[in-house]
Amino acid sequence: MTDPDTLRAAALESKAWPFEEARKLLKRYPQGKADPVLFETGYGPSGLPHIGTFNEVLRTTMVRRAYEALTGAPTRLIAFSDDMDGLRKVPDNVPNREMLARYLGHPLTKVPDPFEKHESFAHHNNAMLRDFLDRFGFEYEFASSTDYYTAGRFDEALKSILRHYDAIMGVMLPTLGPERRATYSPVLPISPKSGIVLQVPVEVIDAEAGLVAFDDEGERITHSILSGGAKMQWKVDWAMRWVALGVDYEMAGKDLIDSVIQSGKIARVLGSQPPEGFNYEMFLDEKGEKISKSKGNGLSLEQWLTYGSDESLAFYIYREPKKAKALHMGVIPRAVDDYWQFRAAYADQPIEQKLGNPVHHIHNGPPPAEALPVTFGLLLNLVGVMGAGATREQVWAYLRNYVADATPEAYPALDTLIDKALAYNRDFVAPTLQRRAPTPEEATALAALDAALAGLDGADAEAIQNEVYEIGKAQFGKERLRDWFKALYETLLGSSQGPRMGSFIALYGVANSRALIAEALAR
């Protein structure tokens, strides 16, 4: 166990991005902060939580924990739901869409729940968000925009917006096109007639009283924006929230760079320092296109967790947040194995390397001690040759060829991964497998391998691998060993890529592997 002083000293020098981000807060508060440092993540409750929500909360939590390790100081994380926003369009994936269409423009907390379970559509999606965050054990405080506005918690900041109305318009108007400039207002009053969030020009009547005037259904009215009488336009709302709550850190996607810049300027107009943070890159689909909820491309959180572990997703999200990354089914097996490779290395690393190891940030310190005796890739190859009807009990039986104490009780993480390997093979691997016939040259080499395996029953993976290697050298020459292994994968496993063959044969069993060779030669 590393003592806190040694850990802190190493963290001050660590190049791991959560520590680099945490050091921004050290510069912000060189003497510390009287109140807990406040982290924030934002959520638009017009849809259900998704992988982007997980991404932002996880990365923010990693920075939060890094700051705590550096300082020992208390922190808070607010998960803020912008649920006073108006319903802009009817989602495609909900029931009662005709009913929702009648509430376009109304605050989401005033739109009935199409699922008929909660007080409003926003309450339903907020409940999903909290269940989602709780499932992954995040420590956070939930905050509702509607609750904060209507309780008057933003009133002083709203008065400040009216006092600085012209300066805020001076920030925003140059960023807008001619048509938008003509109707833009930082303030979106809630119509006392229709209940709709209005997008109309407003006139400040009395900043200290929170009064504005605007046209509503042909009538000029004076209206208070305090205590839920209005909400702010998006970029102004973000800045107002930073100021009112005292947010110290909030990250955002690359697509919000302009919003961060303009909101930062508005926060300064209001006399406050914008929070620290950075802009992370977006996920891409298999074609290199940005993932979009409306397009439905890319990979959902539920899909990843069907075929990969929670930790593998956290590992994938941790790596290189400022580089665009593909997010599709094909990246899951590698992420699972990379996570376990880094986890296995952790215990023997010096403290500097431990702090740069992704598993340190995934587990907020040392990971659990359990080891994985086989790779996920090897599991996939095993269930691939076993066929789509393979069961977890059968997989465990094969594993005992390779690992003496292979039981679900001894390796619970492996037990979980077996189910995921079976699902991944069933849905994505099995339909693509096609074992080809060997060429005459390959058939000669396979026959030689079969003869060698006849005398290797009970041999370990290393001895088998050496024999596979020697046969390849003898039949193909050193310079063509790649062709030999490719032939093994394509004729025996039905794939262009595969595992270390010595490990696979030891796991699958010599007799079963010889049967695979016989089938290939028979083609």
Are any side-chain N or O atoms of [X] and backbone N or O atoms of [Y], one a donor and one an acceptor, separated by less than 3.5 Å?
X	Y	answer
Gln303	Ser300	yes
His361	Tyr318	no
Lys89	Leu104	no
Thr60	Val57	no
Asn96	Met99	no
Lys231	Pro189	no
Asn125	Pro45	yes
Ser272	Arg268	no
Asp155	Ser227	yes

TODO: Begin with the C-alpha distance, continue with both residues' side-chain angles, and end with the deciding distance and a verdict on side chain to side chain donor-acceptor pair (under 3.5 Å) for Tyr148 and Ser81.
DONE: CA-CA 10 Å; Tyr148 277 48; Ser81 171; over 6 Å; no
Pairing of [X] and [Y] as salt bridge, 4.0 angstrom limit:
X	Y	answer
Asp337	Arg334	no
Arg135	Asp131	no
Glu141	Arg76	yes
Glu21	Arg59	no
Glu281	Lys322	no
Asp215	Arg220	yes

Task: Derivation of the side chain to side chain contact (heavy atoms under 4.5 Å, CB included) call for Asp248 and Leu25 - done: CA-CA 8 Å; Asp248 296 305; Leu25 291 164; 4.0 Å; yes
TODO: Report the C-alpha separation of Leu313 and Leu301 in whole Å, then their side-chain angles, then the decisive distance to 0.1 Å, and conclude whether the side chain to side chain contact (heavy atoms under 4.5 Å, CB included) test is met.
DONE: CA-CA 9 Å; Leu313 176 58; Leu301 185 75; 3.2 Å; yes
With a cut-off of 6.0 Å (strictly less than), are more than 12 heavy atoms of other residues, nucleotides or ligands near [atom1] of [X]?
X	atom1	value
Lys117	NZ	no
Glu370	CD	yes
Arg180	CZ	yes
Glu179	CD	no
Lys420	NZ	yes
Glu208	CD	yes

Task: Atom pair NZ/OG1 of Lys33 and Thr75 - distance to nearest 0.5 Å - done: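 Here the rounded value is 10.5 Å.
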Task: Spacing of CD1 belonging to Ile351 relative to CG belonging to Asp3, to within rounding of 0.5 Å - done: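 Result: 9.0 Å between the selected atoms.
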Going by distance alone, is a donor N or O of one side chain under 3.5 Å from an acceptor N or O of the other, for [X] and [Y]?
X	Y	answer
Ser259	Trp234	yes
Asn425	Tyr307	no
Glu56	Tyr280	yes
Thr175	Asp258	no
Asp83	Thr109	no
Ser120	Asp113	no
Arg130	Asn126	no
Ser312	Trp304	yes
Trp238	Glu250	yes

Task: Name of the residue among Val236, Val171, Ile257 meeting side-chain contact (heavy atoms from CB on, under 4.5 Å) with Gln262 - done: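 Among the candidates, only Val171 passes.
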Task: Candidates Arg23, Arg64, Lys24, Arg28 - the one meeting salt bridge (charged side-chain N to carboxylate O under 4.0 Å, His left out) with Glu276 - done: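 With Glu276 as partner, Arg23, Arg64, Lys24, Arg28 yield a single salt bridge (charged side-chain N to carboxylate O under 4.0 Å, His left out), made by Arg28.
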Open item on the list: Between Met84 and Ile190, does the side chain to side chain contact (heavy atoms under 4.5 Å, CB included) criterion hold? Intermediate values first, please.
Closed with: CA-CA 10 Å; Met84 202 165 163; Ile190 310 297; 4.0 Å; yes
For residues [X] and [Y], establish whether the separation of their ring centroids is below 6.0 Å.
X	Y	result
Tyr346	His363	no
Phe342	Phe315	yes
Tyr339	Tyr316	no
His124	His118	yes

TODO: Please lay out, stage by stage, how Tyr424 and Asp419 fare under the test side chain to side chain donor-acceptor pair (under 3.5 Å).
DONE: CA-CA 9 Å; Tyr424 193 89; Asp419 286 334; over 6 Å; no
Open item on the list: salt bridge (Lys or Arg N to Asp or Glu O under 4.0 Å) for Glu139 and Arg65? Distances and angles first, verdict last.
Closed with: CA-CA 11 Å; Glu139 181 187 327; Arg65 299 308 180 203; 3.1 Å; yes
- [ ] Take Phe80 and Tyr43 through the ring-ring contact (aromatic ring centres under 6.0 Å, His included) test and state the conclusion after the steps.
- [x] CA-CA 6 Å; Phe80 195 93; Tyr43 169 68; over 10 Å; no
